[in-house]
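This report refers to the structure that appears directly beneath it.
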2 protein chains.
Amino acid sequence: MAAQEQYEELARQLSALGAVKRGLSRALPHDCSPATAIMLNLLKRNGEMRMSRLGELLAIDASVTSRHVTHAAEHGWIDRQPDPLDKRSRLLSLTPSGELLLEEVSERYTHALAACLHDWSDDDVGHLIGLMKRLRESFGDCRPRALHAGTTTRTPV
Amino acid sequence: MAAQEQYEELARQLSALGAVKRGLSRALPHDCSPATAIMLNLLKRNGEMRMSRLGELLAIDASVTSRHVTHAAEHGWIDRQPDPLDKRSRLLSLTPSGELLLEEVSERYTHALAACLHDWSDDDVGHLIGLMKRLRESFGDCRPRALHAGTTTRTPV
DNA sequence: TATTGTTATACTCTATAACTATA
DNA sequence: TATAGTTATAGAGTATAACAATA
């Protein structure tokens, strides 16, 4: 349990972090949004997955996932194959062109962040990432929909 | 200096944190946006200030600050007085009605966060806040506009 | 009946640029 | 000429609700 002032400060920092996110997105290629970059990264690291799983990892609604994926598919970065086990589903995977873009993105991100975070140690960054992850988990457990709707981020019916 | 994978993970967590921010905003009264809540908090803690200063603390453009403040002023939460020292400026302060709202907001925030973060220690939360602050500062120093435009967040001319 | 993914629509937050009134 | 604030417009990101196809 923490003090009340801390809670308010946490809410404030959470909002102000938007500026960092926006700044980082300026390092990306023109037609590649931050959402696209993260999708490609998730597909690279976790391999083939379904729409619903991707939306869950991105913590956004299924409708938004659909739009982002469509955008990436139209650019040829993501491939959508029908799932042989469930004809309603689609299996997403990275295309070679998507891999190329991801490499470009990684390079740019690394360059931008290395410039800003030159005085951060490996441990500092790791610590921050760990705490952010934990915050998301703590918060996710509280979302009412998560309690009975399983793992999806879908709009409740 | 940190490893490349860390940078990408940092970018990902930064984006995914949006869900936490949105979840938190559901705890607020209907006509009070997160931006409004934070503005009131800043005015409470830092006292009377000008538009430009507020925009700087919120890390948003002057145009956006103007809109948020107008919204709050129309609801009677913020008072805008002409600055006697500079007729172009306006001095912002919390009204009694704004203080009341802020109390309500604090209570709700505390309630919501206490429920989610019951297993976080005071130190955990403090640590996270500190790292987020530092991230903002490290990143702020890199924004090209910040290098020559002083402290403002204003759109460069 | 329930679930997967899609689409149409609307909402929030933001930046850019052009403007005014002061300095 | 430069600065403080305002407004109009546009863009990115998101959620909600209604829908089709499948389970």
Side-chain angles (χ1 to χ4, degrees), chain A residues 14-23 25-26 28 30-39 49-56 58-71 73 80-92 143 145 148-157, chain B residues 14-19 21-23 25-26 28 30-39 49-56 58-71 73 80-92 143 145 149-157:
Chain A
L14 222 41
S15 265
L17 232 45
V20 174
K21 193 178 149 194
R22 286 192 299 280
S25 79
R26 283 192 208 109
L28 293 174
H30 179 63
D31 48 359
C32 175
S33 67
T36 299
I38 293 166
M39 280 196 309
M49 65 178 77
R50 310 204 303 183
M51 300 281 304
S52 52
R53 169 81 178 133
L54 183 60
E56 181 193 328
L58 289 167
I60 54 178
D61 190 82
S63 64
V64 184
T65 311
S66 181
R67 280 212 344 196
H68 284 321
V69 168
T70 299
H71 175 260
R80 288 186 284 196
Q81 288 296 321
D83 183 342
L85 297 176
D86 184 339
K87 285 179 188 161
R88 294 171 304 181
S89 290
R90 301 231 236 175
L91 290 174
L92 310 174
R143 280 182 313 167
R145 70 184 58 167
H148 34 69
T151 51
T152 47
T153 327
R154 190 181 191 73
T155 300
V157 186
Chain B
L14 222 41
S15 266
L17 233 45
K21 193 179 148 191
R22 286 192 299 280
S25 79
R26 282 191 210 111
L28 293 175
H30 179 61
D31 48 359
C32 175
S33 67
T36 298
I38 293 165
M39 280 196 309
M49 67 178 76
R50 310 204 303 183
M51 300 281 304
S52 51
R53 170 80 179 135
L54 183 61
E56 180 192 329
L58 290 168
I60 55 178
D61 191 81
S63 64
V64 184
T65 311
S66 180
R67 278 213 345 193
H68 285 321
V69 168
T70 298
H71 175 261
R80 288 186 284 197
Q81 288 295 323
D83 183 343
L85 297 176
D86 185 338
K87 284 179 190 163
R88 295 171 304 179
S89 290
R90 300 232 237 175
L91 291 174
L92 310 174
R143 281 183 312 167
R145 71 184 55 167
T151 52
T152 46
T153 328
R154 191 181 189 74
T155 301
V157 187

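Here is how names work: the chains are called A, B, and so on, in the same order as the sequence lines, proteins then strands, and each is numbered from 1.
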Legend entry - Euclidean distance, atom CE of residue A:M49 to atom P of C:dT4 [Å, nearest integer]: 16 Å

Inset, instruction - Ignoring backbone atoms, test whether B:R67 places a side-chain nitrogen or oxygen under 4.0 Å from the OP1 or OP2 oxygen of C:dT12. - result: no

Legend entry - Candidates C:dT6, D:dA15, C:dT16 - which lies nearest the side chain of A:D61: D:dA15

Inset, instruction - Give a yes or no on whether a donor-acceptor pair under 3.5 Å exists between the nucleobase atoms of D:dT16, that is its base, and the side chain of A:S63. - result: yes

Legend entry - From C:dT22, D:dT6, C:dT6, nucleotide with atom closest to A:A62 side chain: C:dT6

Legend entry - Distance in angstrom units between A:K21 NZ and C:dA15 P, rounded: 13 Å

Legend entry - Integer-rounded Å distance: C:dT3 C1' and A:M51 CE: 14 Å

Legend entry - A:R88 CZ - C:dT4 P separation (whole Å): 6 Å

Legend entry - First encountered from the 5' end of DNA chain C, between A:S15 and A:V64: A:V64

Inset, instruction - Measure the distance from CG on A:L17 to C1' on D:dG13 and round it to the nearest whole Å. - result: 17 Å

Legend entry - Contact check, side chains of A:L28 and A:P34, non-hydrogen atoms, under 4.5 Å: yes

Legend entry - N/O (side chain, B:R22) to phosphate O (OP1/OP2, D:dG13) under 4.0 Å: no

Inset, instruction - Take B:R50 and B:D86, measure what side chain to side chain contact (heavy atoms under 4.5 Å, CB included) needs, and give me the verdict at the end. - result: CA-CA 11 Å; B:R50 310 204 303 183; B:D86 185 338; 4.0 Å; yes

Legend entry - Distance in angstrom units between B:L58 CG and C:dC13 P, rounded: 12 Å

Legend entry - Closest to side chain of A:D86, choosing from C:dA23, D:dA23, D:dT14: D:dA23

Inset, instruction - Ignoring backbone atoms, test whether A:R80 places a side-chain nitrogen or oxygen under 4.0 Å from the OP1 or OP2 oxygen of C:dT6. - result: yes

Inset, instruction - State, with a plain yes or no, whether a side-chain heavy atom of A:S15 is found less than 4.5 Å away from one of B:K21. - result: yes

Legend entry - Distance test, side-chain N/O of A:S52 to OP1/OP2 of C:dG5, below 4.0 Å: yes

Legend entry - Closest to side chain of A:I60, choosing from C:dT14, C:dT4, D:dA15: D:dA15

Legend entry - Nucleotide nearest A:R90 (side chain, heavy atoms from C-beta), chosen from C:dT3, C:dT6, D:dA2: C:dT6

Legend entry - Nearest-nucleotide 5' precedence on DNA chain D, A:P84 against A:S33: A:S33

Inset, instruction - Check whether any side-chain heavy atom of A:V69 lies under 4.5 Å from a side-chain heavy atom of A:M51, and answer yes or no. - result: yes

Inset, instruction - State whether the side chain of A:T70 and the backbone N or O of A:S66 hold a donor-acceptor pair below 3.5 Å, judged by distance alone. - result: yes

Legend entry - Student check: side-chain heavy atoms of A:L54 and A:H68 closer than 4.5 Å: no

Inset, instruction - Taking only the side-chain nitrogens and oxygens of A:H71, find out if one of them lies under 4.0 Å from OP1 or OP2 of D:dA12. - result: no

Legend entry - Between C:dG5 (C1') and A:R53 (CZ): distance, integer Å: 17 Å

Inset, instruction - To the nearest Å, give me how far apart NE2 (B:H68) and C1' (D:dT6) are. - result: 15 Å

